[in-house]
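Here's the structure we're looking at; comments come further down.
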Number of protein chains: 2
Amino acid sequence: MSTPKTKIAILDDHPLIIEGLKLLFSASSTYEVSASFKSAEELFAYENMNHIDVLLLDVFLTHDNGIDVCLKVKKLHPKLIVLGMSSQSERSIVMQMIKNGASGYLLKSAGLEEFVYCISHALNGSVVFSKEVQKIIDKVQLSDLKSIPRLTRREKEILKLLIEGKSTQQISDELFLSYLTTQTHRRNLLYKFQVKNVAELVSFALKNGLL
Amino acid sequence: MSTPKTKIAILDDHPLIIEGLKLLFSASSTYEVSASFKSAEELFAYENMNHIDVLLLDVFLTHDNGIDVCLKVKKLHPKLIVLGMSSQSERSIVMQMIKNGASGYLLKSAGLEEFVYCISHALNGSVVFSKEVQKIIDKVQLSDLKSIPRLTRREKEILKLLIEGKSTQQISDELFLSYLTTQTHRRNLLYKFQVKNVAELVSFALKNGLL
DNA sequence: CTGAAAGTACCTAAAATCAGGTAATTTGAA
DNA sequence: TTCAAATTACCTGATTTTAGGTACTTTCAG
């Protein structure tokens with residue numbers, strides 16, 4: 001009898017990526033793609049998750065947030081090895097994933113060998129990054145240690161309007177708030193994100209997928 | 001003798017996507033993937049481009065800008081059918097691509113059938129969009145008719161620093177410019193993008209992949 | 001029921017942005 | 001070489017943001 005193959009599951013809303021990964025592992029004698037999901041909902045509905053060894057998790061899903069999914073998955077299945085994936089990457093996102101229990105992070109632009117390499121090393125207990133991600137990690141800028149702050153409902157509303165380029169007055173009118181109240185929320189946002197002005201706030205918010 | 005297959009070329013810096021597409025068409029009797037490139041440079045160095053029927057073009061490339069690549073490709077090979085692809089999409093980008101000669105646009109999250117469907121219709125001379133893209137197109141907001149303005153070298157530099165949240169003074173120091181000069185460039189940027197403030201500028205620039 | 005967090009609102013003043021000009025010099029493509 | 005575009009720089013004034021406070025009310029989970 002042969003050793004059972006390592007079972008891989010994929011959560012990604014891009015069918016092409018799923019197919020590409022399936023193809024990649026179809027020839028492998030040690031790995032197999034046992035399940036694939038296009039939404040977090042599908043994943044959590046899956047019964048046999050405890051037979052899965054590795055989860056490749058797209059971080060920028062249309063409906064769900066990969067960082068939250070990672071935490072939830074690790075809570076339910078602590079032994080499962082989770083690897084984050086995305087097209088672009090921001091240091092803070094990678095860090096957030098690791099913090100939430102991911103064993104590594106790879107860019108989708110990684111070469112095929114890198115996928116195999118990272119998965120095998122993650123299975124051995126290492127925390128692994130694809131080359132490009134490693135580059136980003138290495139840029140240890142103290143300023144980049146920013147994590148994504150927890151925002152209140154109001155703050156999210158105001159952030160959204162700031163991203164649209166609305167002025168304090170416009171926001172106040174739109175949300176039926178005093179000009180001074182909006183000013184306070186605005187200030188709190190700058191403080192929470194530890195940024196100097198709204199431009200940087202918008203930049204950080206968009207790069208971190210806080211649409 | 002059989003009809004020759006439709007030849008497809010792919011420009012995408014994600015090996016997985018390329019493999020996925022190759023796989024998708026490997027079983028087809030009417031289509032074949034004849035070439036794939038990971039950068040615009042590779043593509044323009046390719047000799048047999050005039051034998052290609054369709055180019056699937058990733059719009060957000062690490063090094064190049066898909067919109068510019070599209071224009072250049074269509075200039076060199078007017079008969080070539082170009083289809084834009086990306087993970088997320090903004091209306092203005094889709095429009096820009098069409099303006100630059102693309103015959104359609106698809107999200108990478110499109111189903112595999114959609115790829116085949118869009119390619120075949122594009123070959124028949126139609127302009128096609130995947131479902132999700134069509135939804136975006138349908139949102140005809142006058143404000144979205146903005147096209148991406150052409151920026152000068154200096155303006156790009158300054159835009160980049162604005163995105164980082166730098167103040168006029170910081171930018172001036174960094175680029176060895178007078179405060180007043182930076183102010184002028186800044187004003188020109190706001191004017192060119194037709195936005196009210198830097199927050200909206202940053203938002204527009206990031207959403208449109210002007211990193 | 002109670003306390004912490006969230007939401008609301010106000011005051012002041014410095015700093016920066018935004019918006020309207022004009023104009024000289026440099027650069028690069030035709 | 002020549003001319004348009006780009007880059008640089010300055011002036012002024014209104015508007016807005018940023019930064020530092022304080023403080024009352026509402027909401028909601030424990």
Side-chain angles (χ1 to χ4, degrees), chain A residues 68 71-72 75 142-143 146-207 210, chain B residues 44 65 67-68 71-72 75-76 143 146-206 210:
Chain A
D68 296 339
L71 188 62
K72 198 167 164 191
K75 210 171 265 178
L142 286 176
S143 60
K146 289 172 196 168
S147 57
I148 298 170
R150 200 166 45 80
L151 298 183
T152 68
R153 211 177 315 126
R154 234 350 171 209
E155 284 165 352
K156 279 178 196 164
E157 274 182 297
I158 286 169
L159 173 57
K160 187 176 150 284
L161 295 174
L162 286 173
I163 290 174
E164 289 172 16
K166 302 274 171 73
S167 71
T168 305
Q169 189 58 63
Q170 285 178 304
I171 294 174
S172 305
D173 294 346
E174 207 155 313
L175 300 179
F176 304 106
L177 291 175
S178 154
Y179 179 84
L180 298 151
T181 303
T182 307
Q183 216 165 51
T184 301
H185 287 306
R186 189 195 178 97
R187 179 152 35 95
N188 290 340
L189 278 167
L190 294 183
Y191 177 75
K192 282 194 179 180
F193 279 90
Q194 288 290 297
V195 294
K196 294 176 299 304
N197 52 38
V198 175
E200 198 181 352
L201 175 68
V202 169
S203 175
F204 186 84
L206 289 180
K207 284 181 180 167
L210 304 176
Chain B
F44 290 116
N65 177 289
I67 293 171
D68 295 340
L71 187 63
K72 198 167 163 192
K75 210 172 264 177
L76 292 170
S143 60
K146 288 175 194 167
S147 56
I148 297 170
R150 200 164 46 79
L151 299 183
T152 67
R153 210 175 316 124
R154 234 348 173 208
E155 284 166 350
K156 280 179 197 164
E157 273 183 298
I158 286 170
L159 174 57
K160 187 175 150 287
L161 296 173
L162 285 173
I163 289 174
E164 290 172 15
K166 302 274 172 72
S167 70
T168 305
Q169 189 58 63
Q170 284 177 303
I171 295 174
S172 305
D173 294 346
E174 207 154 312
L175 300 180
F176 306 107
L177 292 174
S178 154
Y179 180 85
L180 298 152
T181 303
T182 308
Q183 217 165 52
T184 301
H185 287 305
R186 189 195 178 95
R187 179 150 36 92
N188 291 339
L189 278 168
L190 294 184
Y191 177 75
K192 282 194 179 182
F193 280 90
Q194 288 289 296
V195 293
K196 294 175 298 304
N197 52 39
V198 175
E200 198 182 350
L201 174 69
V202 168
S203 175
F204 186 84
L206 289 180
L210 304 177

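Below, chains carry the letters A, B, ... as their sequence lines are ordered, and counting in each starts from 1.
The two residues A:A199 and B:V202 have their closest heavy-atom pair at O-CG1, 3.8 Å.
Rounded to whole angstrom, the span from the CD atom of B:Q170 across to the C1' atom of D:dT18 amounts to 14 Å. Atom-to-atom, OH of A:Y191 to C1' of D:dG20 comes out at 13 Å; the value is rounded to the nearest Å. Between A:R154 atom CZ and D:dT27 atom P there is a gap of 12 Å when expressed in whole angstrom units. Going from atom CD1 of B:I171 over to atom P of D:dT7 covers 15 Å, rounded to whole Å. A:I158 places its CD1 atom 12 Å from the P atom of D:dT17, with the value rounded to the nearest Å. A straight line from CD of B:E157 to P of D:dA6 spans 15 Å, rounded to a whole angstrom. Atom-to-atom, CG of A:L177 to P of C:dA6 comes out at 16 Å; the value is rounded to the nearest Å. Separating the CG atom of B:L180 from the C1' atom of D:dA9 is a distance of 6 Å, rounded to the nearest angstrom.
Note that CG of A:L206 is 4.5 Å distant from CD1 of A:I163, once rounded to the nearest 0.5 Å. Between the CG atom in A:L190 and the CG atom in A:L162 there is a gap of 8.0 Å [rounded to 0.5 Å]. Here the straight-line distance linking atom CG of B:N188 with atom NE2 of B:H185 works out to 7.5 Å at 0.5 Å rounding. Atom CG of residue A:L189 and atom OG1 of residue A:T152 lie 7.5 Å apart, to the nearest 0.5 angstrom.
Put simply, B:T152 has a side-chain N or O that comes within less than 4.0 Å of OP1 or OP2 on D:dT7. Under 4.0 angstrom from either OP1 or OP2 of C:dT8 there lies at least one side-chain N or O belonging to A:H185. One finds a side-chain N or O of A:T181 lying less than 4.0 angstrom from the OP1 or OP2 phosphate oxygen of C:dA9.
A:N197 places a side-chain N or O within donor-acceptor distance of the main-chain N or O of A:E200, the cut-off being under 3.5 Å. No donor-acceptor pair under 3.5 Å is formed between the side chain of B:E155 and the backbone N or O of B:L151.
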Show me, pair by pair, the donor-acceptor contacts under 3.5 angstrom made by side chains of residues 170-177 of chain A, not counting sequence neighbours?
unit_1 : atom_1 : unit_2 : atom_2 : d
A:Q170 : OE1    : A:S167 : N      : 3.0
A:S172 : OG     : A:T168 : O      : 2.7
A:S172 : OG     : A:T182 : OG1    : 2.7
A:D173 : OD1    : A:Q169 : NE2    : 3.1
A:E174 : OE1    : A:K166 : NZ     : 3.3
A:E174 : OE2    : A:K166 : NZ     : 3.4

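End-to-end axis angle for the helix from C:dC1-D:dG30 to C:dA30-D:dT1, using five pairs per end and rounding to 10°, comes out at 70°.
Residue B:S178 is in sugar-phosphate contact alone, with no base atom involved, counting any heavy-atom pair closer than 4.0 Å across all strands shown.
Under a 4.0 Å N-O distance rule, the pair B:K160/B:E164 qualifies as a salt bridge.
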remark   = Going 5' to 3' through nucleotides 16-30 of chain C and flagging B where a protein heavy-atom sits under 4.0 Å of the base, S where only the sugar-phosphate is that close, and - otherwise, we get -BBBBB---------

